[in-house]
Protein chains: 2
Amino acid sequence: MTNPKTDPEATQLADLTFKLLANCQEKEARLAEQYGLTQAEFRCLRLFGTKEISNNKHIAERMNLSPSRLTRIIDGLVKKAYMTREIDSDDRRNMRVTLSKQGTEIVGRLNKSYIGIHKEILDEIDDTQHAPLITAMTHLLSALEKWIAKT
Amino acid sequence: MTNPKTDPEATQLADLTFKLLANCQEKEARLAEQYGLTQAEFRCLRLFGTKEISNNKHIAERMNLSPSRLTRIIDGLVKKAYMTREIDSDDRRNMRVTLSKQGTEIVGRLNKSYIGIHKEILDEIDDTQHAPLITAMTHLLSALEKWIAKT
DNA sequence: TATCGAATTTTGCTCATAGCAAATAATTCA
DNA sequence: TGAATTATTTGCTATGAGCAAAATTCGATA
């Protein structure tokens, strides 16, 4: 194993992810604002996608937030009429959370914008680099997930 | 130009950056906690590096935060004895912010850890993929910065 | 040189974000 | 049935962050 202190690749990667993090945060903040959403609401809607995820707790786990926090985020989305909340008749402890008509509509537009941004970004990069970029980042993501899991 | 609605590369990239963002945030949060720092303090120290950046306002701009917020972040770092703050004799309006001895020491350890994590991540990825990963991500970062600048 | 305007930091206030613990309601199991 | 468990919500509290005003200093100009 080489000396970690002077490993130039690891140093470069560290620098890249640090800067990417800041820039991606900025990107999401701007997009959320365009749609009149808070960042948490944005994340929640995008994570929700079109699939119906049953309960509060499940979404909270996926978003890495406490259930109580999630209650209030969904409060906001219900107030904005993007989501509806009703008692699950199979298990009356659960709240069945679903997208409203306006909800699916905005998620559609929002995903289109989000993808559009990445299309613009890809346009700035040489075509031959697209596939390597995707595979490289897929590897990076899975390695990162592994690192987080083992901590 | 192809149809953005169904562009599979842009869709994949969108998904990847969305997930990477969440995971990188988590990674930074854990590392900051290990060192008894808040995330803002962590970012500030890492951005500061070993170089001496003169004033409050300059750091605030780099960190994309308001000067008043920065004042309090540096308050914390001064309280933890990682930084010192003194009036700039050239322009007495400025506060000259510098790392203390313990500050340089912790920044060194912290950078080493940060790089170490990325070394662990690289270890999970095939050697031949390292260089492509770095170049691809460099392109991604510059394209992303360009997108943000033009918004 | 005296004064007015601009720049830098700090402080007080306010609001958003987020978790914890208690309360409530519903289910499961002994 | 009754005790333990699970899901959600509510009250409280702490932290994160910006805005506006105050204090200090600098610079330019009349």
Side-chain angles (χ1 to χ4, degrees), chain A residues 21-22 25-26 28-48 52-80 83-98, chain B residues 21-22 24-26 28-33 35-48 52-80 83-98:
Chain A
L21 176 58
Q25 265 166 330
E26 181 70 22
E28 283 205 9
R30 297 211 184 168
L31 195 53
E33 204 197 347
Q34 273 180 27
Y35 282 87
L37 298 167
T38 68
Q39 258 170 290
E41 288 170 347
F42 174 89
R43 279 209 307 137
C44 185
L45 281 179
R46 185 160 159 74
L47 195 112
F48 212 84
E52 174 186 311
I53 299 170
S54 52
N55 58 2
N56 197 328
K57 199 190 178 189
H58 189 226
I59 306 172
E61 275 163 9
R62 282 194 170 274
M63 290 184 69
N64 217 4
L65 290 174
S66 69
S68 66
R69 178 74 195 115
L70 231 281
T71 295
R72 312 210 219 228
I73 291 168
I74 293 181
D75 279 350
L77 288 166
V78 167
K79 192 162 288 172
K80 287 176 184 162
M83 282 191 165
T84 56
R85 197 161 30 181
E86 55 189 358
I87 295 167
D88 181 355
S89 47
D90 290 346
D91 182 342
R92 296 177 53 77
R93 288 171 303 185
N94 287 340
M95 293 305 280
R96 197 158 194 73
V97 179
T98 50
Chain B
L21 176 58
C24 280
Q25 266 166 330
E26 180 69 23
E28 284 205 8
R30 297 211 184 168
L31 195 53
E33 202 197 349
Y35 282 88
L37 298 167
T38 67
Q39 259 171 289
E41 287 170 349
F42 175 90
R43 278 208 307 136
C44 186
L45 281 179
R46 185 160 159 75
L47 196 112
F48 211 85
E52 175 187 309
I53 300 170
S54 52
N55 60 0
N56 197 327
K57 200 191 177 188
H58 188 227
I59 306 171
E61 276 164 10
R62 281 194 171 275
M63 291 185 68
N64 217 5
L65 291 173
S66 68
S68 66
R69 178 74 193 115
L70 230 281
T71 295
R72 309 206 222 230
I73 290 168
I74 293 182
D75 281 350
L77 289 167
V78 167
K79 192 163 288 172
K80 287 176 184 163
M83 282 190 163
T84 57
R85 197 161 32 181
E86 55 188 359
I87 295 168
D88 181 354
S89 47
D90 290 345
D91 182 341
R92 296 178 52 78
R93 287 172 304 186
N94 287 341
M95 292 305 279
R96 198 158 194 74
V97 180
T98 51

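These numbers come from a predicted model, not from an experiment. Below, read A as the first sequence line, B as the second, and so on, with proteins coming before strands; counting in each chain starts at 1.
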Is there side-chain contact between [X] and [Y], with heavy atoms separated by less than 4.5 Å?
{"X": "A:M83", "Y": "A:L45", "answer": "yes"}
{"X": "B:N55", "Y": "B:V97", "answer": "no"}
{"X": "B:I59", "Y": "B:I73", "answer": "no"}

A:R92 or A:S66: which one's nearest nucleotide on DNA chain C is closer to the 5' end?
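Upstream on the strand: A:S66.
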For the pair made of [atom1] in [X] and [atom2] in [N], what is the distance, rounded to whole Å?
{"X": "B:D88", "N": "C:dT8", "atom1": "CG", "atom2": "P", "answer": "12 Å"}
{"X": "B:N55", "N": "D:dT25", "atom1": "CG", "atom2": "C1'", "answer": "14 Å"}
{"X": "B:L70", "N": "C:dT8", "atom1": "CG", "atom2": "P", "answer": "14 Å"}
{"X": "A:I74", "N": "D:dT9", "atom1": "CD1", "atom2": "P", "answer": "8 Å"}
{"X": "B:I59", "N": "C:dT9", "atom1": "CD1", "atom2": "C1'", "answer": "12 Å"}
{"X": "A:K57", "N": "D:dT5", "atom1": "NZ", "atom2": "C1'", "answer": "10 Å"}
{"X": "B:M95", "N": "D:dA23", "atom1": "CE", "atom2": "P", "answer": "18 Å"}
{"X": "B:D75", "N": "D:dT15", "atom1": "CG", "atom2": "P", "answer": "14 Å"}

N or O in side chain of [X] less than 4.0 angstrom from [N] OP1/OP2:
{"X": "A:N56", "N": "D:dT9", "result": "yes"}
{"X": "B:R69", "N": "D:dA17", "result": "yes"}
{"X": "A:R85", "N": "D:dT9", "result": "yes"}
{"X": "A:R93", "N": "D:dA7", "result": "no"}

Check this for me, if you would: do A:R46 and A:E28 make a salt bridge, where the nitrogen-to-carboxylate-oxygen distance has to be below 4.0 angstrom?
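Looking at A:R46 and A:E28, the cut-off is not met.
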If you take atom types as modelled and just measure distance, does the side chain of [X] reach the base of [N] with a donor-acceptor pair under 3.5 Å?
{"X": "B:R72", "N": "C:dG12", "value": "yes"}
{"X": "A:S68", "N": "C:dC20", "value": "yes"}
{"X": "B:R43", "N": "D:dG16", "value": "no"}

Of the candidate nucleotides D:dT10, D:dT25, C:dT9, which contains the atom at the shortest distance from the side chain of B:D91?
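Nearest nucleotide to the side chain: D:dT25.
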Please check if atom CZ in B:R30 has more than 12 non-hydrogen atoms from other residues, nucleotides or ligands closer than 6.0 Å.
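More than 12 heavy atoms, drawn from other residues, nucleotides or ligands, come within 6.0 Å of this atom.
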Have a look at B:L65 and say if it touches a base, only the backbone sugar-phosphate, or nothing, with a 4.0 Å heavy-atom cut-off.
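Here B:L65 touches the backbone only, sparing every base.
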